[in-house]
Structure formats: structure tokens, C-alpha cells
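Each chain gets a letter, A, B and so on, in the order its sequence line appears, and its residues count up from 1. Keep in mind it's a predicted model, so treat the numbers as computed, not measured.
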Protein chains: 2
Amino acid sequence: MSEPIISTVDIVLLIIQEDRLCVTLSNRDKEPYENQDALPGGYIHAQADRDCLDAAVRILQQKTGLLPPYLEQLKTFAGAARDPRGWSISVVYFALVDADLILSATNPGLTICPVDALRRLPFDHNEIIAAAVDRIRNKSQYSSLPCYLAGETFSLPRLQKIYEACLGETLNKVSFRRKMDELGVLETVAGQTESTGAHRPAQLYRLKSEFKNQLKLLVRGL
Amino acid sequence: MSEPIISTVDIVLLIIQEDRLCVTLSNRDKEPYENQDALPGGYIHAQADRDCLDAAVRILQQKTGLLPPYLEQLKTFAGAARDPRGWSISVVYFALVDADLILSATNPGLTICPVDALRRLPFDHNEIIAAAVDRIRNKSQYSSLPCYLAGETFSLPRLQKIYEACLGETLNKVSFRRKMDELGVLETVAGQTESTGAHRPAQLYRLKSEFKNQLKLLVRGL
DNA sequence: TCAAGTTAGTTACATTATGCAACTAACAAA
DNA sequence: TTTGTTAGTTGCATAATGTAACTAACTTGA
């Protein structure tokens with residue numbers, strides 16, 4: 001039979017702040033590591049949660065008060081050594097959301113930290129965040145994933161900055177615009193604005209409604 | 001606190017047989033679904049297994065008697081509805097191995113079945129296998145993953161057939177050979193052989209030793 | 001011994017994708 | 001109305017990819 005194993009869900013909630021990829025940490029209100037910042041997480045409730053995604057949505061709601069437009073299972077971290085309480089399983093999800101939604105929520109226990117400037121975190125949370133960054137970096141190469149880090153509407157120059165933050169490298173402007181065009185997930189919005197200064201204002205775009213909650217992959221032959 | 005949750009590991013062991021992608025099923029020796037074919041799996045032993053990978057290796061060894069050259073975590077399937085015993089978590093791995101290794105093992109409880117000709121399986125195992133096929137199809141587009149389905153040595157025409165079985169489409173010969181060359185994971189082996197008929201024999205290749213157990217990804221800019 | 005059949009592997013070229021530099025456009029501020 | 005700054009486009013050089021047609025190496029059978 002199965003031994004008693006601690007079963008939890010943790011969430012890597014990523015946002016863009018000042019053109020940098022950042023993770024949202026939550027101050028722990030219980031032992032172990034009470035009062036330290038760590039990934040938002042919690043126990044799976046076999047009574048309340050129909051599946052893991054349910055648990056992730058519930059926990060995210062409790063800790064941050066929001067339902068992100070993008071939520072995907074990342075990986076499961078398990079073993080005897082990762083939690084002082086003993087053998088544990090953590091099913092980890094990663095979520096993408098517009099930074100403004102978090103900042104406007106003003107949840108007191110939350111901290112935002114750039115993923116490349118993290119200090120040592122409890123459990124194996126540094127390793128988990130590294131896996132999430134790997135995943136988003138990989139998917140950003142051929143998908144519209146980073147769009148979920150932008151708000152409802154955004155300019156292409158801003159979206160390019162977001163892609164660059166995800167990928168950790170600068171991109172060519174013309175190539176980027178061509179690629180977004182051929183992905184076909186964006187549409188212009190009538191009023192253009194985003195006039196942030198003494199220069200030509202940028203056209204605003206939004207995700208086409210049919211892509212509001214899914215990935216469009218660009219399939220490329222071998 | 002956490003409720004008691006059944007914690008298991010299941011494995012999608014993929015091989016190529018007659019140029020088709022096939023999955024290895026194991027006859028269940030216990031309830032539920034006793035005597036039916038399903039994915040090889042078993043309970044996590046908190047005492048014996050240091051982590052999930054440990055458990056996967058142990059279970060694979062028990063059920064098939066082999067250690068595959070490639071083993072990667074696929075996804076975790078969990079919920080109240082997937083197992084008649086109640087709320088369960090299954091951390092699923094997928095493994096790739098040369099078909100000859102399985103066929104020579106002659107483990108009596110094993111069945112090989114093409115992934116596109118599966119009947120209804122116990123639990124959510126059809127869904128799990130579909131996820132594994134998705135993953136390998138995706139990774140086959142830009143990595144050397146399918147090489148682990150070939151044996152120690154293989155010809156390029158045979159490797160191309162394997163890639164085609166993984167991707168579910170035919171490939172261009174010249175493009176395929178160019179891509180394998182630029183991936184840089186293969187080396188020729190002196191004696192060429194694989195003369196299977198009245199025609200020119202094919203050069204044999206093998207994975208360079210530094211790639212025997214890892215993926216070489218071709219990074220492609222956005 | 002040599003022609004026919006079959007698969008392996010290469011070459012040459014057309015087509016498409018990508019990267020870059022230089023351009024024009026649209027605004028604010030002075 | 002000139003200047004500075006960012007948005008967006010155009011044209012072209014270079015690189016990647018797909019295709020057809022080739023040559024190479026073998027076995028078999030006349």
C-alpha cells in the first residue's frame with residue numbers, strides 16, 4: 001500500500017516588472033519556514049479539489065486574489081529531502097499574468113522579485129523557479145506565451161520588451177514584427193494611444209478572442 | 001493537514017516496431033482492473049525511494065527488467081475520478097528504448113501496441129499516452145530525442161523512419177540528413193553493413209558518447 | 001560478365017526565411 | 001518650424017529549406 005505522503009501544489013506566478021521577468025513570492029504564515037518568502041502553495045484537499053488544477057486555482061485565489069489568464073502544469077517535485085516534514089510531493093504550476101493586476105490587488109503578503117536576483121529560498125523553490133524560467137524561455141521561442149504577461153492591450157514595442165525579458169536576449173525589430181504577424185494571434189485595436197512622450201505613438205494590439213486562453217504554436221518542420 | 005492520497009508512478013515506455021510508434025503495456029496482477037493491460041506502474045515507497053525518478057527506475061526494472069537510456073518526467077495526473085480507490089496522484093514518466101531490448105527480455109506480462117491502435121485502457125491511461133505522444137512529437141521537431149528509439153548503431157534511412165513514426169509525417173531525405181549533421185550528435189562507425197538486400201549498403205552511425213544520456217537541443221531564434 | 005533493379009547518398013538550384021541598415025512617419029517640446 | 005525621439009516600413013544580403021535529378025554500391029538473374 002501507499003505510505004502517507006504530503007501532497008501539495010505550488011505556483012510560480014510570473015510577471016514583468018521594469019522589463020524584467022519577476023516571480024511573486026508569498027510570506028509563509030505557518031511552519032516550516034514561517035514568516036519567510038516562498039512560492040505560494042498549499043495542501044491538496046481531497047474533499048474540496050476535483051483535481052490538481054482545481055487546487056492550483058483555489059490556492060492562487062487564496063494567496064493572490066486573482067485568476068490568471070494562463071495556467072499550466074510545470075513539473076512535479078518530490079522526494080524525501082525537499083521538506084523537513086518528510087517525503088512530499090509538490091505538483092507545480094506556472095502562471096502568467098499582467099503585472100498591473102497584481103499591483104492593483106495590494107495583497108499585503110506578496111513580494112515581487114526578479115528571477116535573476118533571487119536569494120536562497122525555502123525548500124527546493126530556487127530549483128523550481130529555474131525550471132519555470134527554462135520552460136517559459138523555451139516556449140517563448142516559438143509561441144505566443146509571453147502575450148499573457150502583457151495587459152489587455154499593448155504596443156508591439158512593449159511586447160518585444162516582454163519577449164526579450166523572457167528570452168534573456170534582444171531581438172531584431174523587423175523579425176519580431178514579422179513573426180508576430182505570421183503567428184496571427186494579434187489584432188489591432190482602433191484607438192492607438194500609448195503616447196508616452198515626445199515621439200510617434202504606437203499602435204495598440206490585443207489577443208484575438210479565440211486565443212485569450214490558449215497557446216498558438218508555430219509548427220516548424222524538422 | 002493533507003488527506004491520505006494514493007501516490008503512484010506510471011511509465012509510458014515507447015518503442016518502434018515495424019516503423020510504428022508503440023507503447024508497452026503490462027498485465028495487471030492486482031485489483032483494480034486485475035488481469036487487464038495498462039501502463040506499468042506502482043506505488044511510491046517513501047521508505048525505499050529517495051525521489052520520483054528513483055521510484056520510476058525501480059518500477060520499470062520490476063515490470064520490464066530494463067533501464068532505458070532515456071527517461072523523462074512527462075506530467076502528473078491527479079484527481080478524484082481517475083481511480084476507483086479514490087483521490088490519487090500519478091506522476092508519469094516517459095521512457096524510450098530500442099525495441100530489441102524489450103523483445104529479447106521476453107517478460108511474459110508485456111504487450112506491445114501501436115499508439116494509434118489502442119483500445120480503451122483502465123484509468124485515464126489513454127489520455128496519458130496521448131500526452132506522451134504529443135510530447136515526443138513536439139520534441140522530435142527540434143531534438144535528437146528519437147535517436148534513443150534506435151539501437152546502438154543504425155543507418156540514417158532507418159533513423160529517418162523512426163523520426164517519421166514519431167512525427168506522423170514523411171520527411172525530406174536531404175533536409176533530414178542536413179539536420180542530423182548540424183545537430184552534431186552522431187558519428188559514423190567504421191564497418192558500414194546494414195546490407196539488407198540487393199542494393200547499396202547504408203553507413204552505420206551511433207550517438208556520440210557525450211550524448212548517450214542527454215538531449216541536444218537546436219536552439220532557434222524567435 | 002553485364003544489364004536490371006533497388007536503395008544510399010550527393011549535387012545543384014529554386015524558394016523561403018531571417019537579419020540588418022537605412023529609410024519615412026508621427027508626435028512633443030523648445 | 002526645427003530638433004529629438006520612438007514607431008513602423010522598405011529593400012537587400014545572407015542563410016535555411018525543399019525538390020528533382022543525379023551518381024554510387026550493392027544483388028540477382030540472364
Side-chain angles (χ1 to χ4, degrees), chain A residues 18-19 140-144 147 150-151 153-165 167-206 216-222, chain B residues 18-19 140-144 147 150-151 153-165 167-206 216-222:
Chain A
E18 290 167 10
D19 294 336
S140 296
Q141 286 177 348
Y142 56 90
S143 81
S144 57
C147 295
T153 65
F154 44 84
S155 69
L156 284 184
R158 171 160 149 70
L159 187 61
Q160 183 174 346
K161 290 279 189 190
I162 293 174
Y163 266 84
E164 289 172 342
L167 290 166
E169 63 182 358
T170 60
L171 297 173
N172 177 274
K173 180 171 57 165
V174 179
S175 301
F176 175 75
R177 299 173 82 97
R178 255 196 302 239
K179 199 53 90 179
M180 291 314 297
D181 182 50
E182 114 193 18
L183 269 175
V185 299
L186 300 183
E187 62 186 10
T188 60
V189 29
Q192 80 245 13
T193 8
E194 177 148 304
S195 29
T196 50
H199 53 80
R200 177 174 177 174
Q203 172 67 253
L204 283 182
Y205 292 80
R206 65 173 156 237
K216 172 76 179 295
L217 300 181
L218 222 202
V219 181
R220 303 164 91 166
L222 178 78
Chain B
E18 291 167 9
D19 294 338
S140 296
Q141 288 178 346
Y142 55 92
S143 81
S144 58
C147 295
T153 65
F154 45 84
S155 68
L156 284 184
R158 172 160 148 67
L159 188 60
Q160 184 174 344
K161 290 277 190 192
I162 292 173
Y163 266 84
E164 289 172 342
L167 290 166
E169 64 182 358
T170 60
L171 297 173
N172 178 273
K173 180 172 57 165
V174 179
S175 301
F176 175 75
R177 298 172 84 96
R178 256 194 303 238
K179 198 56 86 178
M180 290 315 297
D181 182 50
E182 116 193 18
L183 268 176
V185 300
L186 301 183
E187 63 186 9
T188 58
V189 28
Q192 80 241 16
T193 7
E194 176 147 305
S195 29
T196 50
H199 54 81
R200 176 174 176 173
Q203 173 67 253
L204 283 182
Y205 292 81
R206 66 175 155 235
K216 172 76 178 295
L217 300 181
L218 222 202
V219 180
R220 304 164 91 166
L222 178 77

What is the distance from [atom1] of [X] to [atom2] of [N], rounded to the nearest Å?
X: B:Arg178; N: C:dG9; atom1: CZ; atom2: C1'; answer: 13 Å
X: A:Asp181; N: C:dT16; atom1: CG; atom2: P; answer: 17 Å
X: A:Lys179; N: C:dT16; atom1: NZ; atom2: P; answer: 15 Å
X: B:Asn172; N: D:dT17; atom1: CG; atom2: P; answer: 11 Å

Residues forming a side chain to side chain contact (heavy atoms under 4.5 Å, CB included) with A:Asp181, sequence neighbours excluded: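 A:Asp181: no side chain to side chain contact (heavy atoms under 4.5 Å, CB included) contacts found.
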Rounded distance [0.5 Å steps], [atom1] in [X] versus [atom2] in [Y]:
X: B:Lys161; Y: B:Leu159; atom1: NZ; atom2: CG; result: 12.5 Å
X: A:Tyr163; Y: A:Leu156; atom1: OH; atom2: CG; result: 10.5 Å
X: B:Leu171; Y: B:Arg177; atom1: CG; atom2: CZ; result: 13.0 Å

Which residues share a side chain to side chain donor-acceptor pair (under 3.5 Å) with A:Arg206, sequence neighbours left out: A:Glu187
D:dG18 phosphate, OP1 or OP2, under 4.0 Å from B:Ser175 side-chain N/O: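 Answer is yes, contact under 4.0 Å.
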Which heavy-atom pair separates A:Asp19 from A:Ala165 by the least distance, and what is that distance? O-CB, 3.4 Å
Taking protein heavy atoms under 4.0 Å as touching, what does nucleotides 4-9 of chain D look like 5' to 3' if B marks base contact, S marks sugar-phosphate-only contact and - marks none? BBBBBB
